[in-house]
Amino acid sequence: MKVSTEDEAIAEQLRLRDQVSQETPEGFAPKTAAGLDVHYTDRGTAAVCVLDLATLEVVDQAVVTGSVDFPYISGLFAFRELPLLLPALEKLSVTPDVLVCDGQGIAHPRRFGLACHAGVLTGIPSIGVSKSANGGWEMPGPNRGDWTRIEDERRPIGRTLRTREGVKPVFLSIGHKMDIDTATELVLTLTPKYRLPETTRRADRLSRGLD
DNA sequence: GCGACAG
DNA sequence: ATCTTGTCGC
């Protein structure tokens, strides 16, 4: 379905959100994780970087550049980024076991943020990790691994997670085919040294034409 | 009108 | 997101 207006985008989110699964597939044992990010200049450059979870080395990557016509609107972020991210995912020579998106999953006004959208359209388990969050949350403890709930109307929709001591926590929520505990463990695996997941850092660098 | 507001 | 100086720490 073509989506070009705000109303159409919201209708599309409401149509797709029931397809989100909050259950991790039986025997889920991811060997690879993909980071997704888009960098903007006069156009957009989407980058996907697949890392081996055991070594955090890059095993595959893809870049797609094109025009971006949908504006940035909080709550409709996916409609700005997915048109370039999906083609980039298709260019990969391997299918990643999980997608780590730079944004929200169900911690979203309609419970259908970028990570959910990417997961449902690809069928790949996904999570959303962002640098800031909507909704209510309190600062987690000071140690790596400490977390607190992100809530909306007293309903848990995600977690803050301290990935590194002395710095602001990250905000994570499940995207698709994923449970929050598995997502938390995955993010900790991806953050041995820096606040943000290695997947996100590599995709960000790649989208900027570095590396 | 005012504050909130993923990137 | 992007703009943009200095500063602290490994």
Side-chain angles (χ1 to χ4, degrees), chain A residues 3 6 9-10 12-14 16-17 20 34-49 63-86 88-89 99-121 126-138 142 144 148-153 155-161 163-176 178 180 183 187 191-197 199-210:
Chain A
V3 171
E6 204 164 327
I10 290 174
E12 181 76 339
Q13 292 180 326
L14 298 180
L16 294 172
R17 67 177 180 181
V20 171
L36 292 65
D37 197 17
V38 181
H39 181 251
Y40 300 92
T41 51
D42 55 321
R43 308 184 83 200
T45 299
V48 179
C49 212
V63 172
V64 167
T65 294
S67 61
V68 178
D69 32 53
F70 206 91
Y72 169 71
I73 299 172
S74 180
L76 299 179
F77 191 41
F79 297 91
R80 180 170 172 78
E81 305 231 313
L82 285 180
L84 290 176
L85 284 174
L86 293 176
L89 281 167
L99 306 180
V100 180
C101 299
D102 190 10
Q104 311 290 2
I106 64 170
H108 174 277
R110 286 171 293 283
R111 304 287 175 274
F112 198 72
L114 172 65
C116 300
H117 208 140
V120 166
L121 294 190
S126 64
I127 67 174
V129 179
S130 60
K131 308 170 199 67
S132 61
N134 314 305
W137 58 275
E138 294 188 342
R144 171 176 152 80
T148 57
R149 284 184 174 187
I150 297 174
E151 303 182 335
D152 182 39
E153 297 174 339
R155 300 277 298 165
I157 55 176
R159 286 179 181 176
T160 70
L161 177 64
T163 55
R164 198 186 161 173
E165 298 180 5
V167 295
K168 182 179 178 180
V170 297
F171 304 83
L172 69 118
S173 56
I174 60 173
H176 184 46
M178 181 68 48
I180 191 64
V187 172
T191 53
K193 188 170 168 55
Y194 299 103
R195 177 196 177 213
L196 296 177
T199 37
T200 301
R201 301 183 70 252
R202 300 308 294 255
D204 178 69
R205 284 185 57 90
L206 185 60
S207 71
R208 292 167 187 268
L210 304 176

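Order of the sequence lines sets the chain letters (A, B, ...), proteins ahead of strands, with each chain counted from 1. Because only heavy atoms are used, hydrogens play no part in the values below, and waters and symmetry mates are left out as well, while side chains stay in.
Not one side-chain nitrogen or oxygen of A:Lys193 sits closer than 4.0 Å to the OP1 or OP2 atom of C:dC10. Between A:Lys131 and the phosphate of B:dG7, there is a side-chain N or O to OP1/OP2 separation shorter than 4.0 Å. OP1 or OP2 of B:dG7 sits under 4.0 Å from a side-chain N or O of A:Ser132. Proximity of A:Arg208 to the phosphate of C:dT2: a side-chain N or O atom is located under 4.0 Å from OP1 or OP2.
When heavy atoms are screened at a 4.0 angstrom cut-off, A:Gly75 is found touching base atoms of the nucleic acid. Using a 4.0 Å heavy-atom distance criterion, A:His39 is classed as a sugar-phosphate-only contact.
Straight-line distance from the CD1 atom of A:Ile106 to the P atom of B:dA6: 17 Å, rounded to whole Å. When the P atom of B:dC5 is taken as reference, atom CZ of A:Phe171 falls 11 Å away, rounded to whole Å. Straight-line distance from the CG atom of A:Leu76 to the P atom of B:dA4: 21 Å, rounded to whole Å. Here C:dC10 presents its C1' atom at 9 Å from CZ of A:Arg164, a figure rounded to the nearest Å. Atom CZ in A:Arg43 sits about 24 Å away from atom P in B:dG7, given to the nearest Å. When rounded to the nearest whole Å, the span between CZ of A:Phe77 and C1' of B:dG7 equals 3 Å. One atom, CD1 of A:Ile150, and another, P of B:dA6, lie 12 Å apart when rounded to the nearest Å. Here C:dT2 presents its P atom at 9 Å from CG of A:Asp37, a figure rounded to the nearest Å.
Here A:Phe77 and A:His108 keep their ring centres 6.0 angstrom or further from each other.
Taking the side chain as every heavy atom from C-beta outward, A:Val129 and A:Asp102 never approach each other to under 4.5 Å.
By the 5.5 Å and 30° criteria, A:Tyr40 is not stacked with the base of B:dG7.
Remark: A:Arg195 CZ is packed, more than 12 non-hydrogen atoms of other residues, nucleotides or ligands lying under 6.0 Å away.
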Task: CA sep, side-chain torsions, deciding dist, call: A:Gln104, A:Ser130, side chain to side chain donor-acceptor pair (under 3.5 Å) - done: CA-CA 6 Å; A:Gln104 311 290 2; A:Ser130 60; 3.1 Å; yes
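For A:Arg144 and A:Thr191, the side-chain atoms include at least one donor-acceptor pair closer than 3.5 Å.
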